[in-house]
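See structure below.
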2 protein chains.
Amino acid sequence: MEGATAEADSAEGSFTDESFADVTPDAARRLLLGAVEAFAERGFHATTTRDIAGRAGMSPAALYIHYRTKEELLFQISRVGHERSVRILTEAAATGGTPAERLDAAVRTFVRWHAAYHTTARVVQYELAALGEEHYGEIVVMRRRTEEILRTVLSEGVAAGEFAVEDINGTALAVLSLCIDVARWYRTGGPRTPDEIGALYAGLVRRMVSA
Amino acid sequence: MEGATAEADSAEGSFTDESFADVTPDAARRLLLGAVEAFAERGFHATTTRDIAGRAGMSPAALYIHYRTKEELLFQISRVGHERSVRILTEAAATGGTPAERLDAAVRTFVRWHAAYHTTARVVQYELAALGEEHYGEIVVMRRRTEEILRTVLSEGVAAGEFAVEDINGTALAVLSLCIDVARWYRTGGPRTPDEIGALYAGLVRRMVSA
DNA sequence: ACGGCGACTGAGCACGCGCTTAGGTCCGGC
DNA sequence: GCCGGACCTAAGCGCGTGCTCAGTCGCCGT
């Protein structure tokens, strides 16, 4: 929880994602951050390598010293982003407490991450189709783990009599879908902070599944 | 209801969207349908005009007899698609019955449309950023109407004592988000028919808001 | 002092893109 | 019979793209 709480604590404003804090060298990290911004704004295919390099304050050619292709840049973003989001979900779902409490924590922090880091999250969730086949394969494994975590919590809640859920697979998919889609519509400076959306969504999901 | 029921009646398989049935001449309609497929598969920016023309069985130049630019093709798809989806929601929310029944009908048919015509819906919901500024402005008006319909039903349900919803705006956004995101993950040939997903989601939403 | 090496740039290549243009074909009206 | 217009194609223009490469800069160990 500690990590997950720190994750989105400053909550408002467009601060950069610390997911990429330990990427070295410095230029490689700046390129990644530039690419995240650009991909989130325009999409992968509408973004030029010149734009990315420009945001990082470098010439177009410098990009290819640190990454072999534009697609590899996307893959690194996707990989790190997925690792982070899976970690957050795992930690939240593994806290002590009843299944209801764990589902609450999972939805709350997952949503908060998608809102606070919606720039990264948008690339992570909506640019999958631009990945190469092999890279996509690696990512899909992590995505399946995400679904598995949700299904597990729901099953345990049903077993404990806390939840009344007929279609566990379908409901898990719906809950995830609800959380993920936050990255699509969230705007910094909107009426709600990531924390508030997390709280709202946790409540909605709780009512959706509780017995 | 009649129209909305007919809308997704054959329910399974990848049948073409009749939204574009009255587009003339024939070649213009074939181009639209080809563009819908291509945009849904690869996204607007990754789709070439040669690809679209090829799917319609024509030379690249033929596209420009019927549409001035590639973007206009996207706009026509987006416009017709939005009109259709707004009409569906409006009709469902305007049936007689309690707010709970109308919310049920709205979610059910809206979700069914997004699943059954997920190809069109994916373009409609996820390619907005590729629209030109003026065209985007036109579309946004329709999207606001969609939100308004949802907020109205929720408000009426609260007033009638059927729903217990604190944050009407936030909840309306969440419900819409849930429905829309179906277009992202739905695949034809998956375990659930559009009808089944509609029923599942209507139930989930009902529990989310009911007093 | 200097060699070697990693980081970076300026210039530019080959390609595929959106779109245009000149011209061909077909068909209904007179 | 033949004109006019709607529809379509072959060819290709100009440009911006992803990416490359020869060469420069500056820092480090010796």
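Computation of the quantities below employed the complete heavy-atom set of this structure, encompassing side-chain atoms and omitting hydrogens, waters and symmetry-equivalent molecules. Residue numbers begin at 1 in each chain, while the letters A, B, ... track the order of the sequences.
Looking at A:E138 and A:R79, no side-chain N of the basic residue comes within less than 4.0 Å of a carboxylate O on the acidic one, giving no salt bridge. Classification of A:E156 and A:R102 as a salt-bridged pair holds, one side-chain N sitting under 4.0 Å from a carboxylate O. No salt bridge links B:R184 with A:D181; every basic N to acidic carboxylate O contact stays at or beyond 4.0 Å. A salt bridge links B:E147 to B:R151: at least one charged side-chain nitrogen sits closer than 4.0 Å to a carboxylate oxygen.
A sub-4.0 Å separation between OP1 or OP2 of C:dC8 and a side-chain N or O of A:S59 is absent. Contact between the side-chain N/O atoms of A:T49 and the OP1/OP2 oxygens of D:dC19 is not found at any separation under 4.0 Å.
Straight-line distance from the CG atom of A:L74 to the C1' atom of D:dG18: 15 Å, rounded to whole Å. Atom CD of B:E71 and atom C1' of C:dC19 are 15 Å apart (whole Å). Atom CD in B:E72 sits about 15 Å away from atom P in C:dG18, given to the nearest Å. Rounded to whole angstrom, the span from the NE2 atom of A:H66 across to the C1' atom of D:dC19 amounts to 16 Å. The separation between A:Y67 atom OH and C:dC8 atom C1' is 15 Å, rounded to whole Å. Following rounding to the nearest Å, A:L31 (CG) and C:dA7 (P) show an atom-to-atom distance of 12 Å. Rounded to whole angstrom, the span from the CZ atom of A:R30 across to the P atom of C:dA7 amounts to 13 Å. In this structure, the CE atom of B:M58 is 7 Å from the C1' atom of D:dC8, given to the nearest Å.
Counting only heavy atoms from C-beta on, B:A62 has its side chain closest to D:dC8 among C:dC19, D:dG18, D:dC8. Distances were taken from every side-chain heavy atom of A:K70 (C-beta onward) to each of D:dA10, D:dC19, C:dC19; the shortest belongs to D:dC19.
For A:H45 and B:I65, each mapped to the nucleotide of DNA chain D holding its nearest heavy atom, the one lying further toward the 5' end belongs to B:I65. With the nearest nucleotide of DNA chain D identified for both A:A61 and A:T48, A:T48 has the one nearer the 5' end. Comparing A:G57 and B:Y64 against DNA chain C, the residue whose closest nucleotide sits nearer the 5' end is A:G57.
Checked by distance alone, B:R50 brings no side-chain donor or acceptor within 3.5 Å of a matching partner on the base of C:dG16.
B:E148 contributes no side-chain N or O that, together with a main-chain N or O of B:R144, makes up a donor-acceptor pair within less than 3.5 Å.
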